[in-house]
There are 2 protein chains.
Amino acid sequence: MARSADPVLAERRRRQILDAAMACFRRRGFHQTSMQEICAEAHLSAGALYRYFASKAEIISAIAEDDWRGREPLFEAIERGPDVVAAVCALAEHALETCGGDGSLVAEVIAESIRDPEMSQRFADHDAIFRRRLTLALAAAQRRGLAKLAITPDHAAGIVMLMLDGLVLRAAGFGAARARPLLKDFRVAVEHLFVPAPPPPRRAVKLVAAEIDS
Amino acid sequence: MARSADPVLAERRRRQILDAAMACFRRRGFHQTSMQEICAEAHLSAGALYRYFASKAEIISAIAEDDWRGREPLFEAIERGPDVVAAVCALAEHALETCGGDGSLVAEVIAESIRDPEMSQRFADHDAIFRRRLTLALAAAQRRGLAKLAITPDHAAGIVMLMLDGLVLRAAGFGAARARPLLKDFRVAVEHLFVPAPPPPRRAVKLVAAEIDS
DNA sequence: ACCTGAACACCGTTCAAGT
DNA sequence: ACCTGAACACCGTTCAAGT
């Protein structure tokens, strides 16, 4: 928003406000936190804050944007790492960690994105990107012989994403501690979708089919 | 809340308020709807409304309770129906329908349950019941020979629930239309978890393993 | 240019007063 | 017993006035 003459100050103020907001939201949740509280935490007046963020929703949105960064390494691990199953599970663990802590921010971001159409669109876009990226990573792993998929990479990506949402939703709603056991379910599912290429057998086995009358 | 001398009137008023609230929430979302609007829609004053519901959250909670009823038939279809895969997919379709329509109530319920600790606890309880019930249904289907599970019924239940949440979250956030394609992913996953017992083969096949030097 | 903080238009909830 | 609606204690946001 703010047309600023001093971009350095502007950036400093934005971080100052974002950090204050995150602290407040973590303590009391998005809607329980008043702008006055954020102002107090950031040592700024209401008027000053509105120079840098047009609304409370815009603050939440900026926090979500922060969260979406730095997920690329996880995809690269799927593409190139030695253990695809482990790398996909790392995606789930990362999701759980991000949602970790009880007064989680992610819960607030989800809640807000469900309500606010603009945030929702932003989420849908990110969702599509995420799926494409995951599909590509899985297909790459498959081509390199790192994984034998029981189904197409695209379906696998879709299923993994559905389950990730399940984890995130529970972590957000019930706390990371209650969601953690579900990682086991996640892993079991992944293991059945990604039939890992068996290690080169020390003894080959030949299967012979013989017809018998029934 | 309301200690009422006339339980018939009380019940009528509760329905009246709930119906008005649902109409308002569907139109404008939970937090965008003011109590004044609900009062107007229900043709009651604010004071009267608060005789029957202690807070806005309690109204949302009552709506969720309504939603949780009548899911039992779906479990029974899993237990007893001829096609377990189809019955499990019906669970997903039901979830999508419930979340259907754009200004969905479910989105509001999710958002609120994430925020409000009491609602969250209620959700966690229902979640545990749901998992037990689904596990039982799957185990029963398995015992009756209707399904051969690739994994334990409990894991299968957990995975199905994770994916259901994924569907619900997207339906709530992006609209049922954008979530519907994911049903295909869901089905593919279910088909791989529930290896259906193959139809009695017209010709039996005997597998013979013969060791060979590698 | 940047900031302040009182003022504005709301909100959910309560409670004295009516019938 | 049941209901009304003005009043209360807030809220997010704005904007005239300061430096």
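Note: hydrogens, waters and symmetry copies are ignored here, and every other heavy atom, side chains too, is used. In what follows, every chain begins at residue 1, and chains take the letters A, B, ... in the order their sequences are listed.
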Integer-rounded Å distance: [N] [atom2] and [X] [atom1]:
X: A/His31; N: D/dG12; atom1: NE2; atom2: P; answer: 9 Å
X: A/Met35; N: D/dC10; atom1: CE; atom2: C1'; answer: 16 Å
X: B/Gln36; N: D/dA7; atom1: CD; atom2: P; answer: 14 Å
X: A/Phe53; N: D/dT14; atom1: CZ; atom2: P; answer: 15 Å
X: A/Leu44; N: C/dG5; atom1: CG; atom2: C1'; answer: 13 Å
X: B/His43; N: D/dG5; atom1: NE2; atom2: P; answer: 14 Å
X: B/Lys56; N: C/dT14; atom1: NZ; atom2: C1'; answer: 17 Å
X: A/Gln32; N: C/dG12; atom1: CD; atom2: P; answer: 13 Å

Exercise for review: May I ask you to verify if any side-chain N or O of B/Arg13 is less than 4.0 angstrom from the OP1 or OP2 atom of D/dC3?
Suggested key: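 So the side chain of B/Arg13 is within the cut-off, an N or O lying under 4.0 Å from OP1 or OP2 of D/dC3.
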Minimum-distance nucleotide (side-chain atoms of [X] versus [options]):
X: A/Ser34; options: C/dC2, D/dC11, D/dT4; value: D/dC11
X: A/Tyr50; options: D/dT14, D/dT4, C/dT14; value: D/dT14
X: B/Ser55; options: D/dC3, C/dT13, C/dA1; value: C/dT13
X: A/Tyr52; options: D/dT4, C/dC2, D/dG12; value: C/dC2
X: B/Ser45; options: C/dT4, D/dT4, D/dT13; value: D/dT4
X: B/Ala46; options: D/dT14, D/dT4, C/dT14; value: C/dT14

**Study point:** Nucleotide forming a Watson-Crick or wobble pair with D/dA1, both distances under 3.5 Å
**Key:** C/dT19
Study note, to complete from the structure: Partner of D/dT13 under the Watson-Crick or G-U wobble criteria, both distances under 3.5 Å, comes out as C/dA7
Exercise for review: Show your working on side chain to side chain contact (heavy atoms under 4.5 Å, CB included) between B/Gln142 and B/Phe194 and close with a plain yes or no.
Suggested key: CA-CA 9 Å; B/Gln142 192 174 26; B/Phe194 300 59; over 6 Å; no
**Study point:** Parallel, tilted or perpendicular: ring planes of A/Phe130 versus A/Phe75, cut at 30 and 60 degrees
**Key:** perpendicular
Review point. Would you call the rings of A/His31 and B/His31 parallel, tilted or perpendicular if under 30° counts as parallel and over 60° as perpendicular?
Key: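 Rings of A/His31 and B/His31: parallel, as their planes differ by under 30°.
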Study note, to complete from the structure: In this structure, CE of B/Met22 is separated from CD1 of B/Ile17 (nearest 0.5 Å) by 14.0 Å
Check your understanding: So, the side chain of B/His43 versus the backbone of B/Cys39: is there a donor-acceptor pair under 3.5 Å, distance only?
Key -> no
